[in-house]
Amino acid sequence: MPFDFSTGLRQRQCRCRPMKTSKFFIATQKEVPAEAEIVSHRLMLRAGLIRRLSAGIYTWLPLGLRIVRKVERIVREEMNRAGALELIMPVVQPGELWQESGRWQAYGPELLRFKDRHERDFVMQPTSEEVITDLARSELKSYRRLPTHFYQIQTKFRDERRPRFGIMRGREFVMKDGYSFHADYADLEREYRNMYDTYTRIFTRLGLEFRAVAADTGAIGGTGSHEFHVLAESGEDAIAFCPQSDYAANVELAEALAPGARPAAREAMRKVATPGKTKCEAVAELLGIALQRTVKAVALMHDRDFILLVVRGDHDLNEIKAQKMIGSFRFATEAEIREHLHSPAGYIGPPMGGSGAVGAKVRVIADRTVAAMADFVCGANDEGYHLTGVNWGRDLPEPQVEDIRNAVAGDPSPDGKGTLEIVRGIEVGHIFQLRTKYSEAMGARFLDAAGAEKPFEMGCYGIGVTRVVAAAIEQNHDERGVMFPAPIAPFEVALVPIGYHKSEAVRSAAAKLYGQLLEAGVDVLMDDRDERPGVLFADMDLIGIPHRIVISDRALAAGKAEYKGRRDEKPADLPLDEVIPTLLKKLA
RNA sequence: CGGGGUGUGGCGCAGCCUGGUAGCGCGCCUGCUUUGGGAGCAGGAUGUCGGAGGUUCAAAUCCUCUCGCCCCGACCA
């Protein structure tokens, strides 16, 4: 991927140290530990990048650490280039500061708390808003100091109830967290865009396929919050995006539009027996109709109010959207459903008829798509029966219409420019406008040009450095192992001499090439172990080194070496003197 | 936190039901052979059977408690 690096990305000196396997620590494993569930976790253990110490807590072995360092380096270069200043804040922080911000109470058991020998409260930081705000209020007293953006690359700890997926969701992890301070909101927005661009550069340079998506702005508001996702089948999050435009949002947030206007009613309403068919799928199968013609009703309690939410049979209720609209709720109990609808769950639907009918006072909220349906099938509020050919306005009152479902592939894009697709992603970055939440809570104020005291406008920006490593593997692997993008591979080139311990010719040719690669500033690993070729190949593939040069008596006799990219099907011979130029070209 | 599972050599597992003093594969060590895709043969080392208590002549095996870990869910964002 071509990129304009005015700062000079490929400074081919003093990157990581070149190495020989005989002097390094290769800890590959043929067999997979039973604990590992997902690909990246298995491969990280097998390739010898990490070892588990305790639940969600891992040692980074030398090979794995090289990858972390490369990610950090790219993040650091781009953050510096964007004008942010690196610092390091303590991992152990006084509880007092956390009480001041209110997070001492707000944070659950995820926040690891403990006491020192003086019985004073401390926490192990999951992020550092308190400490940075404390620093700002004592150091940034004047608008002349603004804007300022501090960041750190530091170990975090979150005592997850259930750590899983190895590094992907560990308790201890490395994160880049940055915090910016501004005199006004306009400047915060400027820096927010700056970070959006910076993150885009960072993930591009990391060699990952990613997408920035709109995320929940929550109660804090602001022009927004964006998550950066590495695209991977195994991702925990679903992302809705529009290939015809730049629209992208977390599925939980993506607006779900109706596919079109409501057609005219054609059928008469009929009550049909559907004994034992409590799911839309079963009803559709029994009646021989498409699932898309059925609707399902979900009963909720909001305080003392009974509310019926209606979505199409093949759609899912979006609880976040529902909560935003009606406030906090819980699912109704079986007894509450019987009380209001005189029917057991499984056969419920919006009550038919006018104001005198059973359950007429039940509040019905229909999803936009359901509101645009005609001749649909729903529960009859009578055990063992459903209704077909139901029509709004004719058979029952027009409902309140809201967006209460998850967007699905094929929905019209909310920006009106095409059709949504859904992909899965792993959240590796998040940028957020904090506004004055912390500065107000902690009394962090500066003097503006007019001499007035004002709280800082703040932004915060995170990148899960160690999670990036796991995400890169989820996105780039095959049956033989990892296929690291070159910018973060532990080594750029594997030099594999065959018969190294037997053949003087191979030994000297390998030594010469190794020296030249070193000279050229290439990050090379020479595998000089006394192992059979199969072992060497398998290990280099497993570790995921992007380029491989093989030296053998056979090729040497013709004045050649062999090149193979990790993703290539077959190797190709190269004249010896073209090895270096070829590699440099590929690494450029 | 609720449910399920599991703990036996460095790793993966069998043995447990039906108690009789621990075994297999990988890895490791030595030697010989082998050398272009995780070698073969021979020899060898490594176990408080997670911990504590109990039942029994005898416990990896049965019982009780306890700890660790894994999976599902809930929770969190």
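Side chains included, hydrogens not; waters and symmetry mates left out as well; all remaining heavy atoms used. Not measured: the values here are computed from a predicted model. Per chain, numbering begins at 1; letters A, B, ... match sequence-line order.
- A:His547 and A:Tyr563 share a side-chain donor-acceptor pair at under 3.5 Å.
- Computed from coordinates, the A:Phe537 CZ to B:rA39 P distance equals 13 Å when rounded to whole Å.
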Fill in: Criterion salt bridge (Lys or Arg N to Asp or Glu O under 4.0 Å) on A:Glu440 and A:Arg435, from CA distance to verdict
CA-CA 9 Å; A:Glu440 270 172 3; A:Arg435 305 293 312 263; over 6 Å; no

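- Between the C1' atom of B:rG37 and the CD atom of A:Glu562 lies a distance of 11 Å, rounded to the nearest Å.
- Between A:His149 and A:Tyr179, the gap from one ring centroid to the other reaches at least 6.0 Å.
- Base pairing analysis places B:rG20 opposite B:rC57; the two distances defining the Watson-Crick or G-U wobble pair are each below 3.5 Å.
- Comparing B:rA14 with B:rG9, their C1' atoms are spaced 14 Å from each other, to the whole Å.
- Comparing B:rG36, B:rU35, B:rG37 by their closest approach to the side chain of A:Lys502 singles out B:rU35.
- Counted by atom type alone, A:His182 and A:Tyr192 present zero donor-acceptor pairs between their side chains at under 3.5 Å.
- Taking the ring centre of A:Trp60 as origin, the terminal cationic atom of A:Arg66 falls outside the region bounded by 6.0 Å and 45° from the ring axis.
- When rounded to the nearest whole Å, the span between CE of A:Met540 and P of B:rG36 equals 17 Å.
- To the nearest whole angstrom, the two C1' atoms, one in B:rG36 and one in B:rC13, are 33 Å apart.
- Using the Watson-Crick or G-U wobble rule with both distances under 3.5 Å, B:rC1 pairs with B:rG73.
- Less than 4.0 Å separates RNA chain B from at least one heavy atom of each of the following residues of residues 455-485 of chain A: A:Arg480.
- Ring centers of A:Tyr58 and A:His41: under 6.0 Å apart, within the cut-off.
- Taking the C1' atoms as reference points, B:rU46 lies 13 Å from B:rC11, given to the whole Å.
- A salt bridge links A:Arg171 with A:Asp159: at least one charged nitrogen is closer than 4.0 Å to a carboxylate oxygen.
- For A:Tyr461 and A:His430, the gap between ring centers reaches or exceeds 6.0 Å.
- Taking atom C1' in both B:rC28 and B:rC71, one finds a spacing of 32 Å when rounded to whole Å.
- Pairing for B:rG38 is absent, with no Watson-Crick or G-U wobble pair whose two atom distances lie under 3.5 Å.
- Pairing for B:rG43 is with B:rC29, a Watson-Crick or G-U wobble pair whose two hydrogen-bonding atom distances lie under 3.5 Å.
- Of the candidates A:Glu474, A:Gln475, A:Arg467, A:Ser40 forms a side-chain hydrogen bond (donor to acceptor under 3.5 Å, both in side chains) with just one, namely A:Glu474.
- Separating the NZ atom of A:Lys30 from the C1' atom of B:rG38 is a distance of 4 Å, rounded to the nearest angstrom.
- A gap of 14 Å separates the P atoms of B:rC65 and B:rG3, to the nearest Å.
- Taking the ring axis of A:Phe537 as reference, the NZ or CZ atom of A:Arg548 stays within 45° of it and closer than 6.0 Å to the ring centre.
- Within the shown strands, B:rU6 is the pairing partner of B:rG68 under the Watson-Crick or G-U definition, both distances less than 3.5 Å.
- Atom-to-atom, CG of A:Asp159 to C1' of B:rC1 comes out at 13 Å; the value is rounded to the nearest Å.
- The separation of B:rU55 from B:rG47, taken at their P atoms, amounts to 30 Å, rounded to a whole angstrom.
- Relative to the six-membered ring of A:Phe122, A:Lys115 misses at least one condition, a distance below 6.0 Å or an angle of at most 45° to the axis.
- Separation of the C1' atoms belonging to B:rG68 and B:rU30 is 37 Å when rounded to the nearest angstrom.
- Atom pair A:Ile498:CD1 and B:rU35:P shows a separation of 13 Å (rounding to whole Å applied).
- A:Phe228 and A:Tyr199 have their aromatic ring centers within a separation under 6.0 angstrom.
- Here, B:rU48 and B:rU61 have their P atoms 15 Å apart, quoted to the whole Å.
- For the residue pair A:Asp316 / A:Asn406, no side-chain donor-acceptor distance below 3.5 Å is found, with atom types taken as modelled.
- For the segment residues 526-536 of chain A, the set of residues with a heavy atom within less than 4.0 Å of an atom of RNA chain B comprises A:Arg532, A:Pro533, A:Gly534, A:Val535, in numerical order.
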Worksheet item: Which letter, B, S or -, goes with each nucleotide of nucleotides 67-77 of chain B from 5' to 3', with contact meaning a protein heavy atom under 4.0 Å?
Response: --SSSBB-BB-

